[in-house]
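Take a look at the structure below.
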Amino acid sequence: MTDTAPRPTLEAVAARAGVSRATVSRVVNGGDGVRDILVERVRKAVEELGYVPNQAARSLVTRRHDAIAVVVAEPETRVFADPFFALQLRGISKELTAHDNQLVLLLTEGRDDHARVGRYLAGGHVDGALVFSLHLDDPLPELIQRAGVPTVFGGRPGWSGDRRGVVYVDSDNRGGARDAVRHLAGLGRTRIAHITGALDQTSAVDRLDGYRDVMVDADPRLIAEADFTPAGGERAMRELLDRCPDVDAVFAANDLTASGALRVLRETGRRVPDDVAVIGFDDMLPVAEQTDPPLTTVRQDIEEMGRLMARLLLRGLDRGTPQEGVGGTPSSVVLPTTLVRRASA
């Protein structure tokens with residue numbers, strides 16, 4: 001073991017700056033009533049000594065922990081394998097870092113984890129929560145409401161019960177799906193299939209609804225259920241080819257699903273886009289640009305969604321009304337989507 005230098009104290013900063021301990025405390029904890037010249041002296045002393053405020057003591061003054069829980073309602077195997085989550089977490093992390101807040105990541109593997117997350121949030125460890133990838137039967141919204149933690153959700157709420165004051169950030173999933181299917185129809189495709197996402201999530205339901213908006217009289221056999229994963233896309237594509245071998249286009253609920261569908265089409269000798277055109281959803285570049293052929297897809301700004309979630313929460317915390325926007329109106333945001341054309345359709 002090596003000896004470590006003693007940690008600088010509030011008293012040491014006060015002595016270096018030539019001010020009282022109370023003045024230093026007000027400056028480092030964001031208090032008012034200190035003259036600018038003294039603030040500068042304290043900040044200079046803090047920098048010279050490398051003083052780090054005691055978070056527990058600071059919280060007593062500010063009633064803030066400068067920590068935000070990010071709750072992803074998925075097992076870790078899914079979170080660390082799907083680039084969607086990396087992009088959203090990156091957006092959240094950038095915004096929190098810019099405001100000197102810590103990110104506390106909480107994942108849910110099963111029902112026991114839901115209870116653990118609920119207890120943690122109720123324990124007063126964080127100032128608020130950002131929650132995404134919820135499923136319709138997820139107990140987290142009720143647990144969060146019970147904990148009384150200011151929260152912003154990623155994705156349109158789909159649970160039953162009182163949604164007043166619920167703030168969320170989402171993309172125009174239904175509109176983006178309509179654009180994708182209209183594009184396929186504009187190419188002259190008549191047997192357009194849809195591989196869904198997990199239908200216990202509102203994003204998948206909205207994309208299915210967008211498909212149906214355009215394909216009003218579509219053969220029900222052209223819809224195959226999957227789960228937003230490459231393996232799910234493979235299974236669904238095999239089902240579609242068994243049921244409807246004349247399928248000439250596929251709109252997949254996300255890029256990972258589309259990548260699985262492309263593999264099956266290639267294995268079965270279908271040429272893309274000549275025989276079957278394929279469109280995904282997300283525009284995750286590590287996936288969309290590396291499929292064979294590169295994937296036409298609906299772009300949603302995943303990183304920006306994460307940034308907006310964090311921004312809405314922090315603004316609300318600063319105002320003292322984290323669940324409401326200006327004038328008490330819920331400040332939810334739905335971002336537009338864009339069709340990005342590549343070689344697959």
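Contact check on D170 versus R156 returns no salt bridge, with no Lys/Arg side-chain nitrogen under 4.0 Å from an Asp/Glu carboxylate oxygen. A salt bridge is absent between E304 and K94; no separation between the charged side-chain nitrogens and carboxylate oxygens falls under 4.0 Å.
Within the structure, salt bridge (Lys or Arg N to Asp or Glu O under 4.0 Å) contacts touching residues 34-52 (residues at least two apart or in different chains) are R16-E48. Among residues at least two apart or in separate chains, side-chain hydrogen bond (donor to acceptor under 3.5 Å, both in side chains) pairs with a member in residues 243-254 are R191-D246, N254-T257. The stretch residues 139-155 participates, sequence neighbours left out, in these salt bridge (Lys or Arg N to Asp or Glu O under 4.0 Å) pairs: E142-R146.
Atom CZ of R266 has more than 12 heavy atoms from other residues, nucleotides or ligands within 6.0 Å.
Criterion: ILVMFWY side-chain heavy atoms under 4.5 Å apart, direct or through other members. Under it, I279 and V340 are not part of a common hydrophobic cluster. Hydrophobic clustering keeps V298 apart from F228 (ILVMFWY residues linked when any side-chain heavy atoms are closer than 4.5 Å, directly or through intermediates).
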- Item | Full working for salt bridge (Lys or Arg N to Asp or Glu O under 4.0 Å) between R235 and D227 | CA-CA 10 Å; R235 288 192 302 271; D227 57 1; 3.5 Å; yes

- Task: For the pair D282 and R299, evaluate salt bridge (Lys or Arg N to Asp or Glu O under 4.0 Å) and give the outcome as yes or no after the intermediate values.
- Result: CA-CA 5 Å; D282 283 338; R299 184 175 192 272; over 6 Å; no

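Within the 4.5 Å cutoff, side-chain heavy atoms of R270 are placed close to those of L241. For the pair V71/F132, no side-chain contact is recorded, criterion being any heavy-atom separation below 4.5 Å from C-beta on. N101 places a side-chain heavy atom less than 4.5 Å from the side chain of D127. Side-chain contact between Y211 and I192: present, with at least one pair of heavy atoms (C-beta onward) separated by less than 4.5 Å. Looking at D113 and L107, their side chains never come closer than 4.5 Å, going by heavy atoms from C-beta outward. Residues L89 and L105 have side chains in contact (heavy-atom distance under 4.5 Å, counting atoms from C-beta outward).
Proximity of a side-chain donor or acceptor of T296 to a complementary backbone N or O of R341 within less than 3.5 Å is not detected.
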Using distance only, find each side-chain donor-acceptor pair of residues 283-291 under 3.5 Å and give its atom names and separation, not counting sequence neighbours.
{"residue": "D283", "atom": "OD1", "partner": "R342", "partner atom": "NH1", "Å": "3.0"}
{"residue": "D283", "atom": "OD1", "partner": "R342", "partner atom": "NH2", "Å": "2.8"}
{"residue": "T291", "atom": "OG1", "partner": "A288", "partner atom": "O", "Å": "3.4"}
{"residue": "T291", "atom": "OG1", "partner": "P293", "partner atom": "O", "Å": "2.8"}
{"residue": "T291", "atom": "OG1", "partner": "L295", "partner atom": "N", "Å": "3.2"}

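Taken to the nearest 0.5 Å, the OG1 atom of T108 stands 8.5 Å off from the CG atom of L134.
Using modelled atom types and a 3.5 Å distance limit, the side chains of E74 and S133 yield a donor-acceptor pair. Side-chain contact of D138 with H114: a donor-acceptor pair under 3.5 Å is present, judged by distance alone.
The ring-ring contact (aromatic ring centres under 6.0 Å, His included) check on F84 picks up nothing, with sequence neighbours excluded. Every residue two or more places apart in sequence or in another chain that forms a side-chain contact (heavy atoms from CB on, under 4.5 Å) with E225 is listed here: T196, L199.
Ring pair F251/H194 is parallel by interplanar angle, where below 30° counts as parallel and above 60° as perpendicular.
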